[in-house]
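Note that this is a predicted model, so its numbers are computed, not measured.
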Amino acid sequence: MDIHQLELFVAVMESPSLTRAAEKVCLSPGAVSLQLHNLADELHTELFVRNGKRLIPTSAAQRLVVHARAMMTLTSQIKEEFENDLTKDTRAFHFSTGVTTLIYQLGKPLRELRKQYPKAEIRVTVNVTEETLAGLRDRRFDLGLISLPVSEEGLKIMPLFEEELLVLRHTAKPVRGGRVGTLQPADLANVPFLLYPKRSNMRQIIDRKFREINVIPRVVMEADDTEAIKRLVESGFGYSVLPEHALRQRTGFFQTFRIAGHRFSRELALAMVRTNFPRKLTESIATALQAMLKG
């Protein structure tokens, strides 16, 4: 027994004749009759009796049609839940991104996504890169915006752009964002630093850049939140290294600097799980975001 046989059976039950039922399912009356005989044989029961040219359902057929309709409803629900047609996909779409990127770079793109995909239920979760990658691999997230480098095993990576990282330090007078000074590597020796936690991908990027200039930062405090780090720097607790987008177009009690002869930066990318059956909505949203964000 299969769902196709049950669908043919229901069509016969709901049609005035076998011929009309066959027309409805685009098969010959002989093919429909054969499937009904096979179904009856498998169930070891009689489903119809013939009265002239008419087929009369038996009591067994009346009982079976209730189960058949329930099976067809369940099959339809399963198909809908796993629908991979972009225009029919109504499942929630889960997107994970870092808080700094969300605040400073994703406002307009997310608004555009809601316009382009009005039927999609887009849910945004704020995570560090490590948590985003874990969520992608266990299928909690459909798409993630991450900092590189990461292990690409099992992932499809779509590069976006490079973002400069700037050193900032406290100043007694407010400074308008935009002007960037220059420091020598030696200027950073033995000064206190407020950095992201060691477990974070951003901290690994920053530590690697410090090794390139032969500086071992004296870390006195760690924080996950970019805005919290800025406030601590403005309060005079030490230096830090933060993404350029989080430092532009505002007045604050800090100055920003580049390191002479060296470029501090991070690469941002979109990531999704590699699979033989990619979700078309994920691919479409990833392509749209890449077009909006790629530098």
Any donor-acceptor pair under 3.5 Å from Thr97 side chain to Val126 backbone: no
Whether Ser76 side chain and Met72 backbone form a donor-acceptor pair below 3.5 Å: no
Pair Phe210-Phe264, ring-ring contact (aromatic ring centres under 6.0 Å, His included): steps then yes or no: CA-CA 9 Å; Phe210 274 124; Phe264 277 29; 5.8 Å; yes
Electrostatic pair Glu164-Arg266, nearest N-O below 4.0 angstrom: no
Pair Asp224 + Arg199: basic N to acidic O under 4.0 Å: yes
Identified side-chain hydrogen bond (donor to acceptor under 3.5 Å, both in side chains) partner of Asp207 from the options Arg211, Lys209, Arg203, Gln204: Arg203
Note, Phe48 side chain near Thr58 side chain (heavy atom, < 4.5 Å): no
Flag side-chain contact, heavy atom, 4.5 Å: Arg139 against Val273: yes
Within-4.5 Å side-chain heavy-atom neighbours: Glu42 and His37: no
Main-chain N/O of Phe237 paired with Ser235 side-chain donor or acceptor, under 3.5 Å: no
Under-4.0 Å salt bridge between Glu14 and Arg69: yes
Stepwise salt bridge (charged side-chain N to carboxylate O under 4.0 Å, His left out) check, Glu153 with Arg274: CA-CA 9 Å; Glu153 183 178 357; Arg274 287 192 181 278; over 6 Å; no
Expected output: side-chain Thr256 to main-chain Leu166 donor-acceptor under 3.5 Å: no
Whether Asn51 side chain and Arg54 backbone form a donor-acceptor pair below 3.5 Å: no
Salt bridge flag under 4.0 Å for residues Asp142 and Arg279: yes
Steps toward salt bridge (charged side-chain N to carboxylate O under 4.0 Å, His left out) verdict (Glu283, Lys280): CA-CA 5 Å; Glu283 294 182 316; Lys280 287 184 171 57; over 6 Å; no
Given His67, Gln35, Met71, the one that forms side-chain contact (heavy atoms from CB on, under 4.5 Å) with Leu6: Met71
Heavy-atom closest contact (Val215 atom, Pro185 atom, distance): CG2-O, 3.6 Å
Side-chain heavy atoms of Pro109 within contact of Leu293, under 4.5 Å: yes
hydrophobic_cluster_shared for Met272 and Leu106, side chain cutoff 4.5 Å: yes
Close side-chain approach of Pro217 and Leu188, heavy atoms under 4.5 Å: no
Leu165 side chain near Leu242 side chain, heavy-atom distance below 4.5 Å: no
Flag, side chain of Asn201 to backbone of Pro149, donor-acceptor distance under 3.5 Å: yes
Donor-acceptor contact present, side-chain Ser15 to main-chain Val12, <3.5 Å: no
Hydrophobic cluster membership, Leu39 vs Leu55, 4.5 Å side-chain cutoff: yes
Contact check, side chains of Phe95 and Ile285, non-hydrogen atoms, under 4.5 Å: no
Min side-chain heavy-atom separation Lys119-Thr90 under 4.5 Å: no
Exam field: side chain Tyr117 to backbone Ser284, donor-acceptor pair closer than 3.5 Å: yes
Side-chain H-bond candidate by donor/acceptor type, Thr226 with Tyr196, under 3.5 Å: yes
Salt-bridge criterion met for Glu234 and Arg231 (N-O under 4.0 Å): yes
Arg123/Glu121 ion pair, N-O < 4.0 Å: yes
